[in-house]
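These notes concern the structure reproduced below.
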There are 2 protein chains.
Amino acid sequence: MKQDIVSRTAENESVHTRKGGANENVDFGPLANWVGFHLRLAQTASFQAFVQEARAVDLSPGRFATLMLIGRNPGISQTALAAANGRDKSTLTPILEDLERRGLIVREKMKTDRRSYQLSLTDAGKKMLDQLTVCAKRHDDNLDRIIGAKDRVKFLKILQKISAEIGGEE
Amino acid sequence: MKQDIVSRTAENESVHTRKGGANENVDFGPLANWVGFHLRLAQTASFQAFVQEARAVDLSPGRFATLMLIGRNPGISQTALAAANGRDKSTLTPILEDLERRGLIVREKMKTDRRSYQLSLTDAGKKMLDQLTVCAKRHDDNLDRIIGAKDRVKFLKILQKISAEIGGEE
DNA sequence: GCAAATTGGTTTTGTACCCAACTAATTTAC
DNA sequence: GTAAATTAGTTGGGTACAAAACCAATTTGC
């Protein structure tokens, strides 16, 4: 609910505020039609919803993606994982430490290259991943319901196109 | 470039890696089709691109949205601003302090309610906003080019729908 | 083979964010 | 009119992230 006023555009009025305050008719100006702004709002909202969905299992969306990628690519290195995940490798350091401490993953030094770790899930990690996958599925179904089945593929394609192309050409 | 592998889905191979390492054929599993994940990636990418676009003017996307909202709604309170912006009010405190220190906004105590501030732009703030608007326009045109003019409206509508509906029903 | 460059991971530093607890001003109840 | 509830903003504690500097292991040049 925290974001009740957030989602509407400029032509929109009469938000359910009971205060007569300044916030019921906010003019978003050009912001109202800018993709970047709404991308942020949507991402935030979706993130929150996921946390909500997965609060039973105590693991954030970021951790979930990490777990999934390790599960799908056993032996993956931290750098490759960071890249796949769209995060800096330094961001992963504490996350992986945490996951290891919780007994969800193992990090083994490679024989051939003693700099890098091979990451893989423990049995507990696999179980956790399964549980999370259920939550994530529910979350994604929610999104589906909002997006509409027929637009979903297109929508996803555009999102991918954005992350693929926008940084690419400097 | 940092995100080169990030954008492709599971059926995709042969990324331009020159290392023969683990990262060229990452299996994203169900992640590949999950909206939340790609929403995050796209948001991050777009954010980065904006920063790049606006690095001449030294102000982040978040600050920009804040400035725009104040410019469009002079006299708005911090709480209303936070809501419109999709952020917690406590997040705004240091941002507004900074903007004030830079001489871009003024905060005046309301006569009628001495708890709240009325925010507005200074002339410098207006000038800054104009400059930023140009950058943001360029950024948005970039996104347009990627999304395609005909899909843009639809895309935006879906983003708005997500932020509007996903948190709303617990 | 050995110095130089590169690469995998960690540390440090700084930013952006949220939440919960707090203070001060205001409104509501009675 | 005063106590209780509410509201605007700040503070403090904690998480998630990136960038740059760093260490150790590895590869490259010659």
Side-chain angles (χ1 to χ4, degrees), chain A residues 1-3 6 17-23 40-41 43-45 47-48 50-52 55 58-66 75-83 85-100 107-119 167, chain B residues 1-3 17-23 40-41 43-45 47-52 55 58-66 75-83 85-100 107-119 167:
Chain A
M1 47 172 57
K2 185 193 330 160
Q3 306 204 352
V6 138
T17 350
R18 5 90 198 94
K19 248 237 84 202
N23 86 3
R40 176 168 73 71
L41 295 183
Q43 202 275 317
T44 307
F47 182 96
Q48 301 280 47
F50 183 98
V51 171
Q52 202 62 13
R55 70 194 175 293
D58 173 36
L59 222 60
S60 67
R63 300 269 208 290
F64 167 61
T66 304
I76 193 174
S77 73
Q78 296 191 189
T79 306
L81 181 59
N85 218 329
R87 305 232 192 80
D88 193 86
K89 59 201 165 94
S90 68
T91 302
L92 285 189
T93 301
I95 293 179
L96 293 174
E97 264 164 15
D98 176 53
L99 293 177
E100 191 178 32
R107 303 200 288 176
E108 300 176 284
K109 287 279 186 193
M110 271 182 161
K111 299 292 178 225
T112 58
D113 186 342
R114 288 197 330 273
R115 286 171 304 181
S116 59
Y117 287 109
Q118 290 184 270
L119 305 170
Chain B
M1 47 172 59
K2 187 194 328 162
Q3 306 205 353
T17 350
R18 7 87 195 97
K19 249 238 83 206
N23 86 4
R40 177 168 71 71
L41 295 183
Q43 202 274 315
T44 307
F47 182 96
Q48 302 279 49
F50 183 98
V51 171
Q52 203 61 13
R55 72 195 174 294
D58 173 37
L59 222 62
S60 66
R63 301 268 207 289
F64 166 62
T66 303
I76 193 173
S77 72
Q78 298 192 186
T79 306
L81 182 58
N85 219 330
R87 306 232 192 79
D88 193 86
K89 60 201 163 88
S90 68
T91 301
L92 285 189
T93 301
I95 294 179
L96 294 174
E97 265 165 17
D98 176 54
L99 293 177
E100 190 178 33
R107 302 200 288 175
E108 300 176 286
K109 289 279 188 193
M110 272 183 159
K111 300 288 178 231
T112 57
D113 185 341
R114 287 197 331 273
R115 287 170 302 178
S116 59
Y117 287 109
Q118 289 183 267
L119 305 170

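Residue numbers begin at 1 in each chain, while the letters A, B, ... track the order of the sequences.
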For atom [atom1] of [X] and atom [atom2] of [N], their distance in whole Å:
X	N	atom1	atom2	answer
A:Met110	C:dT7	CE	C1'	13 Å
B:Lys111	C:dA25	NZ	P	15 Å
B:Gln48	D:dA18	CD	P	7 Å

For [X], enumerate each residue passing the side-chain contact (heavy atoms from CB on, under 4.5 Å) test, keeping only those at least two apart in sequence or located in another chain.
X	result
A:Ser90	A:Asp88
B:Arg114	none
B:Ser60	B:Arg63
A:Glu108	none

Atom pairs, N/O to N/O, protein against nucleotides 9-16 of chain D, distance under 3.5 Å?
from: D:dG9; atom 1: OP1; to: B:Gln78; atom 2: N; distance (Å): 3.2
from: D:dG9; atom 1: OP1; to: B:Tyr117; atom 2: N; distance (Å): 2.8
from: D:dG9; atom 1: OP2; to: B:Gln78; atom 2: N; distance (Å): 3.1
from: D:dG9; atom 1: OP2; to: B:Thr79; atom 2: N; distance (Å): 2.7
from: D:dG9; atom 1: OP2; to: B:Thr79; atom 2: OG1; distance (Å): 2.7
from: D:dG9; atom 1: N7; to: B:Lys89; atom 2: NZ; distance (Å): 2.8
from: D:dG9; atom 1: O6; to: B:Lys89; atom 2: NZ; distance (Å): 3.1
from: D:dT10; atom 1: OP1; to: B:Arg107; atom 2: NH1; distance (Å): 3.1
from: D:dT10; atom 1: OP1; to: B:Arg107; atom 2: NH2; distance (Å): 3.4
from: D:dT10; atom 1: OP2; to: B:Gln78; atom 2: NE2; distance (Å): 2.8
from: D:dT10; atom 1: OP2; to: B:Thr93; atom 2: OG1; distance (Å): 3.0
from: D:dA16; atom 1: OP1; to: A:Arg63; atom 2: NH1; distance (Å): 3.3

Kindly write out the residues that satisfy salt bridge (charged side-chain N to carboxylate O under 4.0 Å, His left out) with A:Glu97, not counting sequence neighbours, or none if the list is empty.
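With sequence neighbours excluded, A:Glu97 shows a salt bridge (charged side-chain N to carboxylate O under 4.0 Å, His left out) to no residue whatsoever.
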